[in-house]
2 protein chains.
Amino acid sequence: MKPDRPKVTIFDVAEHAGVSIKTVSRVVNNEPNVRENTRERVMLAVRELRYQPNAAARELSGKRSRIIGLIYENAEEFSYLNDVFNGALGICEPAGYSLLLRPLTLPDPEIIDHIRQFATNARVEGIVLPAPMGDLPEVSGLLREMRIPFAAITPREPAPDEINILCNDEAASHALTELLIRQGHDAIGFIKGHPDHGASHKRFAGYRRALKRHGVAYAPRLVRQGYFDFESGRIAAGRMLDLPNPPSAVLASNDDMAAGAIFAARKRGLNVPGELSIAGFDDTRFSSRIWPPLTTVRQPIVQMAETAAALLIDKLNGHSTEAPETPFECEVVIRESTAPLSPA
Amino acid sequence: MKPDRPKVTIFDVAEHAGVSIKTVSRVVNNEPNVRENTRERVMLAVRELRYQPNAAARELSGKRSRIIGLIYENAEEFSYLNDVFNGALGICEPAGYSLLLRPLTLPDPEIIDHIRQFATNARVEGIVLPAPMGDLPEVSGLLREMRIPFAAITPREPAPDEINILCNDEAASHALTELLIRQGHDAIGFIKGHPDHGASHKRFAGYRRALKRHGVAYAPRLVRQGYFDFESGRIAAGRMLDLPNPPSAVLASNDDMAAGAIFAARKRGLNVPGELSIAGFDDTRFSSRIWPPLTTVRQPIVQMAETAAALLIDKLNGHSTEAPETPFECEVVIRESTAPLSPA
DNA sequence: AATCCATTTGACAACGCTGTCAGTTTGCTG
DNA sequence: CAGCAAACTGACAGCGTTGTCAAATGGATT
């Protein structure tokens, strides 16, 4: 059942190198106060014997599990999770940390218990909280109370001493809206995101600011509530399109809803972008693969997750957390789902 | 930095219940030979003190890490991974296991070292290998040599005493091809999948068997090599469509390539399904959200991953692994990307 | 009541590492 | 070359469990 290879322990290395186990420990953990000469001798023994420290013993003795948790909403709609996983894993791996996933289905009345159990049972040292987990006050409150360091990836105001990774959603949304206005659209529909996500509000704010700046009247009838999923986008867009004076462009708060909007347009025989321009947000994997390819906003999710993990690990290791307080930059990606307002 | 709550240890519970620590251990681990009376007393103490066994100590002493690894190909194209994660996590969680992810970028010349390190360093007890990891002989060979139990999710012939989860790819492909033939198509293109994936061969075999069975001539010019990604599907389909006598239907070995095929058709101004029927395989999340929604084959990935994890855990716990030797059933999902051959 | 097993319980030694602290060596200073 | 601080090194005690094996208990049988 278990590997047969006789386990090499710290004692074997110590003997081989002619030092005490403590010295081996020092070398392996890069602690100071070891003569260069000695260090090399130990390193050699480590390599020759292929010594791999026993993680369980380390944890038991040193109180460091080297495990980081990642709690996420288990909604299949949020395709950005893959990027989050990849980014975080890419940092944890070389830093000697393991990443433990914990999906949660929201809303979850027992969320507190679930997280508490995850934190205790899986003995995680720190936790990464991609949106919308970082937006939930009960979650961040619990972790704060449990004194478990965490890094939230969400556009909320950074709390003091807490790691918070954000990007300029508001500005990107502003830019995207501006693009549509410049293309001649003046009846621009907006599909809001899930109200519990910080990003939803930022994106809506950018839209409104752009309208105001360019003197386009804000029409509440052209704003619909969505929930970041395909279906809600399809329904919200459908309602707007069935209006007496439908919009000539629709801005959805994410790509899933934009895809829903395209679907709704197609069902009504509308040509996109000829008769209706549609833009999304996120630049998910399939945004460029549906027809027409979506005009959208690309966020550097992988980098954001990398930064979250890196800062968290720094913090766990007691380094001063030099948070980069400038938000990450989003980028408007113009594809074929948007076009200048046709004279018709 | 760390939770302040004073840790409750097995000693506290023992004292509280008036028994020895060993008895507490027995109760907590559901071992036999404890008087019912005693058991209840201990359980009570456990609950009152909210005792949670220390995983590191357990592992150090008992040699059981309760960690399962999941090694996967880090190709963003394989959206079925989310289902695999969810299925496996759903089983591991309640069984008290943690799931550790290990993405690998293929081809990886150092794959052996990477896996060896993952297995040792992360001290996993067993490993889940979704396709195409289970298809790589060096991977299964290494795990066999290291005596690490694994569960492969891939359509290969089950090795004796090894857990192998598969579904009837071949039959599903046969059914899908048959559907197109019944709709009047007799020039049906086929885009093969990545040659290193067992599924590719099964799917191609089903296609050929259906052609033969219905007396449709097999035309090598209508078969192109793809690699399961969007781009390769787009290119392969493009080549076929540019042929003097293009096919009236194209069957792609997965949905990403089918999406690529739709894209290629659109670029050439072809109406799908009016002038070209396209079908895929996998029923990924966005298959029903692109236009036209894809006719495809749905595999019960979540269930397959659940079964893989469950059987693996059974094996780790020494239970007889009653492998369900009947493959899982795929299901043809008919949507709007396929239509009867138009008389034109 | 004495005897004998089967069942139940407990004492104690691992498990492999890091923290503590004391002991040893080294390199300077005067 | 003694004297001393600073730089190294090592002995040993935990960390919280489980495995081993001996001891205690209880019930059935003489």
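Here is the naming used below: chain letters follow the sequence lines, and residue numbers restart at 1 for every chain. Predicted, not measured: the structure shown is a model, and the values here were computed from it.
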Handout entry: Separation of C/dT18 P from A/Arg66 CZ (nearest whole Å)
Key = 10 Å

Practice task
Considering non-hydrogen atoms only, spot the tightest contact between B/Gly198 and B/Pro155 and give its length.
Solution key: C-CG, 3.7 Å

Problem - Proximity to DNA chain C (any heavy atom under 4.0 Å), residues of residues 12-23 of chain B only - result: B/Val19, B/Ser20, B/Lys22, B/Thr23

Practice task
May I ask you to evaluate whether A/Asn29 reaches the phosphate of C/dT18, defined as a side-chain N or O under 4.0 Å from OP1 or OP2?
Solution key: yes

Fill in the blank from the handout: Applied to residues 101-110 of chain B, the side-chain hydrogen bond (donor to acceptor under 3.5 Å, both in side chains) test, sequence neighbours excluded, yields A/Glu93-B/Arg102, B/Asp108-B/His114

Problem - Residues in side chain to side chain donor-acceptor pair (under 3.5 Å) contact with B/Tyr97, at least two apart in sequence or another chain - result: B/Arg64, B/Asn317

Problem - From B/Phe150 atom CZ to B/Leu70 atom CG, the distance as rounded to the nearest 0.5 Å - result: 13.5 Å

Fill in the blank from the handout: Taking every heavy atom of A/Glu306 against every heavy atom of A/Gly87, the minimum-distance pair comes out as CG-O, 3.4 Å

Exercise for the section: Please say whether more than 12 non-hydrogen atoms of neighbouring residues, nucleotides or ligands are located less than 6.0 Å from CD in B/Gln52. Expected result: yes

Practice task
Would you jot down, in residue-number order, the residues of residues 31-39 of chain B having a non-hydrogen atom under 4.0 Å from DNA chain C?
Solution key: B/Asn33, B/Val34, B/Arg35, B/Thr38

Exercise for the section: Working to the nearest 0.5 Å, report the span between OG of A/Ser65 and CG of A/Leu60. Expected result: 12.5 Å

Problem - Integer-rounded Å distance: C/dA14 C1' and B/Glu59 CD - result: 16 Å

Exercise for the section: Find the distance A/Arg58:CZ to D/dT17:P and express it as a whole number of Å. Expected result: 21 Å

Exercise for the section: Report yes if some heavy atom in the side chain of B/His197 is under 4.5 Å from a heavy atom in the side chain of B/Thr154; otherwise report no. Expected result: no

Exercise for the section: Record whether the side chain of A/Ser61 comes under 3.5 Å of the base of D/dG14 through a donor-acceptor pair of N or O atoms. Expected result: yes

Exercise for the section: Would you kindly give the CG-to-P distance between B/Leu60 and D/dG19, to the nearest whole Å? Expected result: 12 Å

Handout entry: Length of the line joining A/Lys7:NZ and C/dG16:C1', which is rounded to integer Å
Key = 12 Å

Exercise for the section: Would you list the pairs meeting side-chain hydrogen bond (donor to acceptor under 3.5 Å, both in side chains) in which at least one residue belongs to residues 34-45 of chain B, sequence neighbours left out? Expected result: none

Problem - Closest heavy-atom pair and its distance - A/Arg26, A/Pro32 - result: CD-O, 4.2 Å

Completion exercise
Checking A/Val24, A/Val19, A/Val27, A/Thr23 against A/Val13 for side-chain contact (heavy atoms from CB on, under 4.5 Å), the one that qualifies is A/Val24

Practice task
Decide yes or no, distance alone: a donor-acceptor N/O pair under 3.5 angstrom between the base of C/dG19 and the side-chain of A/Arg26.
Solution key: no

Fill in the blank from the handout: Rounding to the nearest 10°, end axes of the helix from C/dA1-D/dT30 to C/dG30-D/dC1 built from five pairs each make an angle of 40°

Practice task
Check the distance between C/dA14's P and A/Asn54's CG and give it to me in whole angstrom.
Solution key: 17 Å

Problem - Whole-Å distance separating the CZ atom of B/Phe11 from the P atom of C/dA11 - result: 11 Å

